[in-house]
Peer 1: 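Mind looking over this structure? Questions follow.
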Amino acid sequence: MTVNGIAQILIFFLIILATTKPLGIFMARLFEGKRTFLHPILRPLEVLTYKVIGVREETEQRWTQYTAALLAFSVFSFLFVYLLQRLQGVLPLNPQGFNRTSVTPDLAFNTAVSFVTNTNWQAYSGESTLSYLVQMAGLAVQNFASAAAGIAVAIAVVRGFARQQMDSLGNFWVDVTRATVYILLPVSTVVALFLCWQGVIQNFNHYTTLTTVEGVKQIIAQGPVASQEAIKMLGTNGGGFFNANSAHPFENPNPLTNFLQIILIFLIPAALTYTFGVMVGDRRQGWTVFSACAVMFLAGAFFCYWAEAQGNPTLAKLGIETHATALQPGGNMEGKETRFGIAASALFATVTTDASCGAVNGMHDSFTPLAGLVPLFNIETGEVIFGGVGAGLYGILLYAILAVFIAGLMVGRTPEYVGKKVEQKEVKMAMLALIATAFSILVLAAITSVIHFAEPTKDAKGQPVAQSYWNPPGPATANFANNGPHGFSENLYAYSSATGNNGSAFAGISVNTPWYNFTLGLAMLLGRFLFLIPLLAAAGSLALKKKIPQTAGTLPTHGPLFVGLLVGTVILVGALTFFPALALGPIVEHFLMQSGKLFALLPFPLWS
Amino acid sequence: MLNQLAPALRLTILMTIVTGLIYPGVVTGLCQVFFPHQANGSLITVNDKLVGSDLIGQNFHKPEYFHPRPSAAGNDGYDATASSGSNLGPTSQKLFDRVKASADEYRKENPDFHGPIPADALTASASGLDPEISLANATAQADRVAQARGKDATEVQHLVDSLASRRDLGLLGEARVNVLKLNLALDREMAKK
């Protein structure tokens, strides 16, 4: 670890601290229907949207209607993205002539679900699969839509706490429109121009063919990248235009763009904690949530940085420099870019998984085991450390409900959170969300660990009568790029990332087969909707309740004590649920690495 | 549910038009007007011929050029249509073998260099297209490049230093040097005798 690396992490945090209040106030005003400084310019676009979609701005929706609107929007979004991919061969803006053979139905399903659920898991490689039209009119649109939907749901959940004796949570269409028109679009436009100035490409050209200095042919992929890059980070989507994502020099050309991209991930989620405080009428509540997130973020970032800076002891024996010097980064540089080095890569990995972003500027698969544990644990606890846009806030509020419930059990009083009694229904809904996601991660990863695909049946001449559809014959574990515990980590990470709607990967695993495309698609759907619908249900029930005055017996939900309780709940739930699985993956791998154990790639068995 | 279908369909179409066509279209127009060089890939032309991009690494094997990092993009490395890292984990035998082979080759190519090999020289980058190497890596190769060109090592080192990028704003990222720019400068200023 270097002074410079530590300074990068701390300065990043200070910038987020500084943006939280102004943006938080802006969003509170926006979603409470007040005018903001952007209204003179953007209000006409907002009004036009309501006219076109046929929605009255002042109409309110009950939680069931709000959920129905969200689901309907997701269904059409899914159909659009699916069809665009399958029809890309006959549609314009496709200079490389990609067609539907590169996007099989299972892959198109996986990708459509992935972008609609704000996951942006990518079983394809952008530059060799998708036309410019699919990227910008299919995927980038979902970067806006799924992010706006996430913000809308978070605001609706906050209204559940803020309102009393009301049966409505706002209007989904109005919230989505406002999030898009006043936040996502303007910020993305400015950021896209800045990124292009710094070197991110933005064109509709054919791929460039050239002859290198040593006389070899090189083809350079092109495309409208800057416009997609901006919303990819701001909306915590994380789906890269190129396979290498934010490690690709055309997506993230220098340390400055890298720093900006990390800031964009946390920008909205951090500010939403303040918005929460404003809307429930007690700003200390917002800062308390912020502080709990900050503690967990800083712990994760420094731990990850420390582990990566140690490097790989096995490779050190080969004479590789593992200590940082002024002229080279040292540490574990496998899967990292020279311009980012260790600190900026570890910071990126922590932030992208604290939030449900999933963009990467280094390959998590090549991280040292303990450094890889940080993103994995971040995802498995539900990405609530500031979290995804919207999803982070409603996630941490779920933990807050649990925290007051646990505290209430200890002192024998009905738990309360920001003036609302937390009763059976809310706790049931919170538990449903937690159990559904844990089930999706652990059960699907367990099945994939043991499932074995049969050889196709053969006719009398020994010719196969049918292709094996789901996966190549043999164990599903044969798709891993690494053997031993690291292979298990790839598997666990995949289902965690899909369920958590993160989208980053231990990317060695070959996931573009129907088995992985369908099961990971299922995980994404479970993780998005079985998390969000229970939360909306709880919010609907909370909004009906009266606010009760604080008494001497009320557990204060602000201040250091509650920060500790909230952090403790997150860690405890995560540890109790996932520790056994983590012990089989990164934890045991750490000790094996220390003892110099190596694993050759054998297709089977997993454990050599 | 049913009465939400119409707004859902209409908003999907509207967002496709506004955020999927107008937004990228306007951004493309502005970028092409104000930053045409960057927007089209920061391409480098020498004697009217395209030789590469500032931002995309390419392979160099000859001794008179600085060599880039190992690359996992495509079969031969630096395939700019197939960006990728190796995705090999820390306990991978394959990674160990590859690093060992790279280390042996690095020692053989740079016999005058004796210290620990800079971390970036033996590890594959995340994108497989990393255009840069660390300054320590460049310095370690400077003797070989100078010898192959019949020049003095300090001259080559001076060129490295003049092209080196420091940390952005004195804080962000790492010090480094762009391999393609460096090699083009070598050809320009220290042509092989």
Side-chain angles (χ1 to χ4, degrees), chain A residues 52-53 55 68-69 72-73 76 127 136-137 141 144-145 173 192 196-197 199 201-203 210 212-213 219-221 224 227 242-244 247-249 253 255-256 259 312 315 318 320-321 327-330 333-335 337-341 362-363 365 368 481-482 486 507-508 593 598-600, chain B residues 1 4-5 7-12 14-16 19-20 24 27-28 31 35 38-42 50-53 55-56 58 60 80-81 83-85 87 89-93 96 99-100 103 116-120 122-123 125-127 129-136 168 172-174 176:
Chain A
V52 171
I53 64 175
V55 164
F73 189 46
F76 281 113
E127 61 263 49
M136 61 183 222
V141 171
F144 283 97
W173 307 113
C196 185
W197 174 45
I201 58 174
Q202 180 73 24
N203 63 60
L210 53 83
T212 67
V213 175
I219 301 174
I220 296 181
S227 55
F242 299 114
N243 186 48
H248 196 295
L256 184 63
F259 201 62
N312 181 335
L315 298 186
L318 298 172
I320 193 168
E321 177 69 90
L327 300 179
Q328 61 89 46
M333 281 299 285
E334 181 70 21
E337 300 284 296
T338 310
R339 59 194 182 281
F340 306 141
M363 293 301 140
D365 211 347
T368 54
N482 291 274
H486 200 78
M593 179 182 82
L598 292 171
F599 291 88
Chain B
M1 175 92 190
Q4 305 296 337
L5 287 178
L9 178 61
R10 291 196 198 116
L11 186 59
T12 308
L14 182 67
M15 282 194 79
T16 304
T19 63
V27 170
T28 307
C31 290
F35 318 114
Q38 296 95 313
N40 294 312
S42 308
L50 280 178
V51 295
S53 159
L55 295 175
I56 303 293
Q58 54 180 253
F60 286 95
T81 61
S83 62
S84 177
N87 285 315
T91 52
S92 162
Q93 179 77 47
F96 182 85
V99 171
K100 188 166 188 313
I117 301 174
D120 62 298
L122 303 182
T123 49
S125 63
S127 64
L129 304 173
D130 194 339
E132 292 154 337
I133 54 176
S134 71
L135 298 182
D168 288 11
L172 303 173
E174 296 292 337
R176 64 216 183 264

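Quick note on labels: first sequence line is chain A, next is B, and so on, each numbered from 1.
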Peer 1: Can you find a pair of side-chain heavy atoms, one from Ile320(A) and one from Thr123(B), that are under 4.5 Å apart?
Peer 2: yes
Peer 1: Could you tell me which portion of Leu129(B) (side chain, backbone, both or neither) has an atom closer than 4.5 angstrom to a non-hydrogen atom of chain A?
Peer 2: both
Peer 1: Apply side-chain contact (heavy atoms from CB on, under 4.5 Å) to Leu327(A) and list each qualifying residue two or more places apart in sequence or on a separate chain.
Peer 2: Thr325(A), Leu135(B), Ala136(B)
Peer 1: Could you walk me through whether Glu127(A) and Ser83(B) pass the side-chain contact (heavy atoms from CB on, under 4.5 Å) check?
Peer 2: CA-CA 8 Å; Glu127(A) 61 263 49; Ser83(B) 62; 2.6 Å; yes
Peer 1: Out of Gly199(A), Ala481(A), Pro253(A), return the one with the most heavy atom pairs under 4.5 angstrom to chain B.
Peer 2: Gly199(A)
Peer 1: Please state whether the side chain, the backbone, both or neither of Val55(A) comes within less than 4.5 Å of a heavy atom of chain B.
Peer 2: side chain
Peer 1: Measure the CG-CD1 distance between Leu9(B) and Ile53(A) for me, rounded to the nearest 0.5 Å.
Peer 2: 11.0 Å
Peer 1: Do you know which of Pro118(B), Pro131(B), Gly85(B) has the most heavy-atom pairs under 4.5 Å to chain A?
Peer 2: Pro118(B)
Peer 1: Report yes or no: does Asn482(A) contribute a side-chain atom to a donor-acceptor pair with the main-chain N or O of Ser92(B) at less than 3.5 Å?
Peer 2: no
Peer 1: Is the backbone of Trp197(A) close enough, under 3.5 Å, to the side chain of Gln38(B) for a donor and an acceptor to pair up by distance?
Peer 2: yes
Peer 1: Would you mind checking which part of Trp173(A) comes under 4.5 Å of any heavy atom in chain B, side chain (CB onward), backbone (N, CA, C, O), both or neither?
Peer 2: side chain
Peer 1: Walk me through whether Leu318(A) and Phe96(B) qualify under side-chain contact (heavy atoms from CB on, under 4.5 Å).
Peer 2: CA-CA 9 Å; Leu318(A) 298 172; Phe96(B) 182 85; 3.9 Å; yes
Peer 1: Is there a donor-acceptor pair under 3.5 Å between the side chain of Thr19(B) and the backbone N or O of Phe144(A)?
Peer 2: no
Peer 1: Quick check for you: among Ala126(B), Ser127(B), Ala80(B), which has the greatest number of heavy-atom pairs under 4.5 Å with chain A?
Peer 2: Ala126(B)
Peer 1: Can you name the side-chain hydrogen bond (donor to acceptor under 3.5 Å, both in side chains) partners of Thr16(B), sequence neighbours left out?
Peer 2: none
Peer 1: Between Ala119(B) and Met333(A), which heavy-atom pair has the shortest distance, and what is it?
Peer 2: CB-CG, 3.8 Å
Peer 1: Looking at Asp130(B), Val27(B), Val99(B), which makes the most heavy-atom pairs under 4.5 Å with chain A?
Peer 2: Asp130(B)
Peer 1: May I ask you to name which of His248(A), Met593(A), Arg339(A) has the most heavy-atom pairs under 4.5 Å with chain B?
Peer 2: Arg339(A)
Peer 1: Among Ala137(A), Gly335(A), Ala192(A), which residue has the highest count of heavy-atom pairs closer than 4.5 Å to chain B?
Peer 2: Gly335(A)
Peer 1: If every non-hydrogen atom of Val52(A) is compared with every non-hydrogen atom of Arg10(B), which pair is closest and at what distance?
Peer 2: O-CD, 3.0 Å
Peer 1: Are Glu321(A) and Ser134(B) packed together at the side-chain level, in the sense that at least one heavy-atom pair is separated by less than 4.5 angstrom?
Peer 2: no
Peer 1: Taking Ser125(B), Pro90(B), Cys31(B) one by one, which has the highest count of heavy-atom pairs under 4.5 Å against chain A?
Peer 2: Pro90(B)
Peer 1: To the nearest 0.5 Å, tell me how far Glu132(B) CD sits from Phe340(A) CZ.
Peer 2: 9.0 Å
Peer 1: Could you tell me which of Leu315(A), Asn312(A), Thr368(A), Ile201(A) has the largest number of non-hydrogen atom pairs under 4.5 Å with chain B?
Peer 2: Ile201(A)
Peer 1: Measure across Gln93(B) and Leu598(A) and return the closest heavy-atom pair with its distance rounded to 0.1 Å.
Peer 2: OE1-CB, 3.5 Å
Peer 1: Between OG1 of Thr212(A) and CD1 of Ile56(B), what distance do you get to the nearest 0.5 Å?
Peer 2: 13.5 Å
Peer 1: Under a 3.5 Å distance rule, please check whether Asn87(B) uses its side chain to pair with a backbone N or O of Asp365(A) as donor and acceptor.
Peer 2: no
Peer 1: Looking at Pro116(B), Ser42(B), Ala103(B), Ser53(B), which makes the most heavy-atom pairs under 4.5 Å with chain A?
Peer 2: Pro116(B)
